[in-house]
2 protein chains.
Amino acid sequence: MYAQIKTKLAAKGLKVTMQRVAVYEALLNSKEHPSAEKIISVVSEKYPGISTGTIYKSLETLVDKNLVMKIKNDGDKMRYDAFIDSHHHIYIENSDKIIDYHDDELNELLDNYFAKKNIPNIQIENIRLEIIGKYI
Amino acid sequence: MYAQIKTKLAAKGLKVTMQRVAVYEALLNSKEHPSAEKIISVVSEKYPGISTGTIYKSLETLVDKNLVMKIKNDGDKMRYDAFIDSHHHIYIENSDKIIDYHDDELNELLDNYFAKKNIPNIQIENIRLEIIGKYI
DNA sequence: CTGCTTGCAAATGATTTGCAGGAAA
DNA sequence: TTTCCTGCAAATCATTTGCAAGCAG
């Protein structure tokens with residue numbers, strides 16, 4: 001795990017510091033799309049004394065280098081996701097849960113649809129679904 | 001215009017104040033999904049002296065009553081949209097533009113798709129596309 | 001070495017809140 | 001009248017920033 005993280009950071013020209021490794025590792029280990037606050041608490045257990053400013057800086061660096069993506073919800077905090085391949089999110093109503101949804105068949109369907117139906121003056125780069133749902 | 005707004009507010013049990021009317025009117029007149037800041041500047045021209053706190057409160061009230069929806073973007077400010085029928089948004093890369101995208105054919109396609117393919121334990125309430133694109 | 005990173009604490013800035021006075025129903 | 005709403009200014013709180021000291025390359 002550490003070796004892979006180190007390689008990825010180095011490949012982007014970033015210095016490999018324990019703070020960055022800890023942040024990236026915390027994200028890779030979480031399927032919950034944690035907020036910065038959550039990451040701070042997870043990382044602090046392992047490395048007490050790490051400062052919040054540093055975690056924010058690490059997160060921003062990782063986002064800039066496309067190792068991590070930022071996702072927003074209706075609340076006021078950003079959430080982070082270390083899985084950057086194209087996927088969709090299911091927002092569970094009345095909760096702060098955000099669930100990943102991978103569906104290649106759907107992606108193909110959408111690609112085909114927009115290949116035919118083009119939107120004037122716009123070139124589509126990416127499509128993400130926000131599925132709003134609730135538990136049955 | 002005023003009559004319709006008044007009716008809608010009253011139908012939700014809200015008192016019809018000039019501040020609320022002004023905020024709602026500003027949103028109905030804008031296709032730009034304005035931020036609170038933008039709404040404040042538009043409303044202030046017509047009604048100088050209106051306070052920012054009141055505008056935030058009006059926006060929240062309208063959102064609570066489902067007359068307006070909040071939309072998120074990658075920046076730090078919320079944006080607001082008075083058109084609450086189901087539609088999608090095109091986010092223009094490297095700009096703060098958000099363009100509405102209505103497409104009944106697409107909606108039908110998605111409805112059919114998810115009617116067949118159901119997601120375990122989840123009941124879908126709504127689907128919104130975030131289309132990321134750029135001007136050609 | 002030396003330039004990128006960290007820690008710290010202060011700053012920022014959008015949004016919220018408490019409360020007294022005001023206006024809609 | 002009575003309840004809801006507004007204005008104001010202070011408070012919040014996530015995130016950012018400036019800078020001296022530290023560490024990776």
- request: Only counting residues at least two apart or in another chain, list the ones meeting side-chain hydrogen bond (donor to acceptor under 3.5 Å, both in side chains) with Lys57(B).
  value: none
Residues from residues 19-33 of chain A lying under 4.0 Å of DNA chain C - heavy atoms: Gln19(A), Arg20(A)
field: Where protein sits on nucleotides 17-25 of chain C, one letter per nucleotide: B base, S sugar-phosphate only, - none, heavy atoms under 4.0 Å
entry: BBB----BS
[X] [atom1] to [N] [atom2], straight-line distance once rounded to whole Å:
X	N	atom1	atom2	value
Lys12(B)	dC5(D)	NZ	P	15 Å
Tyr47(A)	dT5(C)	OH	C1'	16 Å
Ile50(A)	dA9(C)	CD1	P	16 Å
Tyr80(B)	dA14(C)	OH	P	12 Å
Ile40(A)	dG7(C)	CD1	P	12 Å
Ile55(B)	dC8(D)	CD1	C1'	14 Å
Lys38(A)	dC13(D)	NZ	C1'	19 Å
Asp64(B)	dC5(D)	CG	P	11 Å

message: Need the bend value for the helix from dC1(C)-dG25(D) to dA25(C)-dT1(D): angle between end axes, 5 pairs each end, nearest 10°.
response: 40°
field: Set of residues satisfying side chain to side chain contact (heavy atoms under 4.5 Å, CB included) with respect to Ser51(B), sequence neighbours excluded
entry: Thr54(B)
statement: Sorted by chain and residue number, the salt bridge (charged side-chain N to carboxylate O under 4.0 Å, His left out) partners of Asp103(B) (sequence neighbours excluded) come out as Lys117(A)
- request: Tell me, please, which residues at least two apart from Lys116(B) pass salt bridge (charged side-chain N to carboxylate O under 4.0 Å, His left out).
  value: none
Pairwise ring pair (Phe, Tyr, Trp, His ring centres under 6.0 Å) hits with a residue in residues 49-76 of chain B, at least two apart: none
Any pair counted as ring pair (Phe, Tyr, Trp, His ring centres under 6.0 Å), so long as it reaches residues 117-136 of chain A, sequence neighbours left out: none
field: Summary of side-chain hydrogen bond (donor to acceptor under 3.5 Å, both in side chains) pairs that have at least one residue in residues 34-43 of chain B, sequence neighbours excluded
entry: Glu37(B)-Lys77(B)
statement: So side-chain hydrogen bond (donor to acceptor under 3.5 Å, both in side chains) across residues 2-17 of chain A, not counting sequence neighbours, yields none
Ile127(A) reachable from Tyr113(B) in the ILVMFWY side-chain graph, under 4.5 Å edges: yes
query: Is a donor on one side and an acceptor on the other found under 3.5 Å between the side chain of Arg79(B) and the backbone of Glu32(B)?
result: yes
- request: Can you sort out the partners of His89(B) under ring-ring contact (aromatic ring centres under 6.0 Å, His included), two or more places apart, ordered by chain and number?
  value: His33(B), His87(B)
- prompt: 5'-most contact on DNA chain C: Arg79(B) or Gly13(A), nearest heavy atom basis?
  reply: Gly13(A)
